[in-house]
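Take a look at the structure below.
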Amino acid sequence: MITQGQIIAWLEVFAHVIEHHKDQLTELDAAIGDADHGINMDRGFKKITTLLQSFTNKDISSIFKNVSMTLISSIGGASGPLYGTWFLRASAITTNKQILINEDISALFKAGLEGVMERGKTNLGDKTMVDVLYPAMVAFEQGVENNIDTVGALRLAVAAAEQGLKDTIPMVAKKGRASYLGDRSIGHQDPGGTSAYWMLRSLLEVVDNHGT
Ligand code: ADP
Ligand code: MG
């Protein structure tokens, strides 16, 4: 189970983690993109930090909707609309909810991923955030099917995300700016996959520390 309060705490933690890793994300993007992923994400999530207070009396769906709109309007890069779509689909699947049970979280991960893949016309193996979000979604779902609790299933999801992230290193980029490099994108970790990994890891940290 994840509560509305934990969702707000997650957004706060993720914003801090992004700020902390801003330079690393930008360096990763400098290698295979245009060196702005850290800047983009930090701009978007700093804006979200200023909204957290106003989220306290909102349901989870409304919070996600606000996050989505903020990311779409404040991030110029490809990652803004993609993360924005993830949160928009998350919003659509959590209408009026104040808590999320494991089945809701599973549905949310699935809907968010499908949104990103549709919006980005992305396949698995294109060297994008999808290569992190996809295995994480599968691992969480398997955990839930095996009656593992939220923290345990999130642990499995984060471990799968970490492996997925490592697996982006030898891939040839097929989408986004990195695809312009062709084979020269080999050997570099995907920046958007890295932020997606931190997004899931931040959620695990919050749910783990605050209990369920
Ligand atoms: P931009 O590429 O416009 O500069 P960012 O640097 O903020 O935007 O984000 C780059 C990241 O966005 C990539 O590392 C990748 O993970 C993700 N990305 C780019 N295009 C796609 C796509 N079509 N589908 C999924 N993710 C994508
Ligand atoms: Mg970029």
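All ligand and atom numbering here is 1-based and tracks the order in the structure.
To the nearest 0.5 Å, atom NZ of residue Lys97 and atom CD1 of residue Ile63 are 14.5 Å apart.
Taking the Mg ion (ligand 2) as reference, the nearest N/O/S atom within Asp29 carries the name OD2. Restricting Asp34 to its N/O/S atoms, the shortest distance to the Mg ion (ligand 2) is reached by OD1. Looking only at its N/O/S atoms, Asp36 has OD1 as the one nearest to the Mg ion (ligand 2).
Summarising the geometry of Leu200 relative to Ala136, their closest heavy-atom pair is CD1-CB, 3.4 Å, with the distance given to 0.1 Å.
Applying the 6.0 Å contact sphere to NZ of Lys65 captures no more than 12 heavy atoms from other residues, nucleotides or ligands.
For Asp34, the side chain to side chain donor-acceptor pair (under 3.5 Å) partners two or more places apart in sequence, or in a different chain, are Arg177.
Classified by interplanar angle (parallel below 30°, tilted 30° to 60°, perpendicular above 60°), the ring pair Trp10/Phe87 is tilted.
Both Val158 and Val206 sit in one connected hydrophobic cluster of ILVMFWY residues. Membership requires side-chain heavy atoms under 4.5 Å apart, directly or through other members. Leu11 and Ile72 end up in different hydrophobic clusters when Ile, Leu, Val, Met, Phe, Trp and Tyr side chains are linked at under 4.5 Å.
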Quick one: table the atom pairs, ligand 1 N or O against protein N or O, below 3.5 Å, distance rounded to 0.1 Å.
{"unit_1": "ligand 1", "atom_1": "3 (O)", "unit_2": "Ala78", "atom_2": "N", "d": "2.8"}
{"unit_1": "ligand 1", "atom_1": "4 (O)", "unit_2": "Asp34", "atom_2": "OD1", "d": "2.9"}
{"unit_1": "ligand 1", "atom_1": "4 (O)", "unit_2": "Asp34", "atom_2": "OD2", "d": "3.1"}
{"unit_1": "ligand 1", "atom_1": "4 (O)", "unit_2": "Asp36", "atom_2": "OD1", "d": "3.0"}
{"unit_1": "ligand 1", "atom_1": "4 (O)", "unit_2": "Arg177", "atom_2": "NE", "d": "3.2"}
{"unit_1": "ligand 1", "atom_1": "6 (O)", "unit_2": "Asp29", "atom_2": "OD2", "d": "3.0"}
{"unit_1": "ligand 1", "atom_1": "6 (O)", "unit_2": "Asp36", "atom_2": "OD1", "d": "3.0"}
{"unit_1": "ligand 1", "atom_1": "7 (O)", "unit_2": "His37", "atom_2": "ND1", "d": "2.9"}
{"unit_1": "ligand 1", "atom_1": "7 (O)", "unit_2": "Asn40", "atom_2": "ND2", "d": "2.8"}
{"unit_1": "ligand 1", "atom_1": "7 (O)", "unit_2": "Ser79", "atom_2": "OG", "d": "2.6"}
{"unit_1": "ligand 1", "atom_1": "8 (O)", "unit_2": "Ala78", "atom_2": "N", "d": "3.2"}
{"unit_1": "ligand 1", "atom_1": "9 (O)", "unit_2": "His37", "atom_2": "ND1", "d": "3.2"}
{"unit_1": "ligand 1", "atom_1": "14 (O)", "unit_2": "Asp190", "atom_2": "OD1", "d": "2.6"}
{"unit_1": "ligand 1", "atom_1": "14 (O)", "unit_2": "Asp190", "atom_2": "OD2", "d": "3.4"}
{"unit_1": "ligand 1", "atom_1": "14 (O)", "unit_2": "Gly192", "atom_2": "N", "d": "2.9"}
{"unit_1": "ligand 1", "atom_1": "16 (O)", "unit_2": "Met129", "atom_2": "N", "d": "3.1"}
{"unit_1": "ligand 1", "atom_1": "16 (O)", "unit_2": "Asp190", "atom_2": "OD1", "d": "3.4"}
{"unit_1": "ligand 1", "atom_1": "16 (O)", "unit_2": "Asp190", "atom_2": "OD2", "d": "2.6"}
{"unit_1": "ligand 1", "atom_1": "23 (N)", "unit_2": "Gly120", "atom_2": "O", "d": "3.0"}
{"unit_1": "ligand 1", "atom_1": "24 (N)", "unit_2": "Thr122", "atom_2": "OG1", "d": "2.6"}

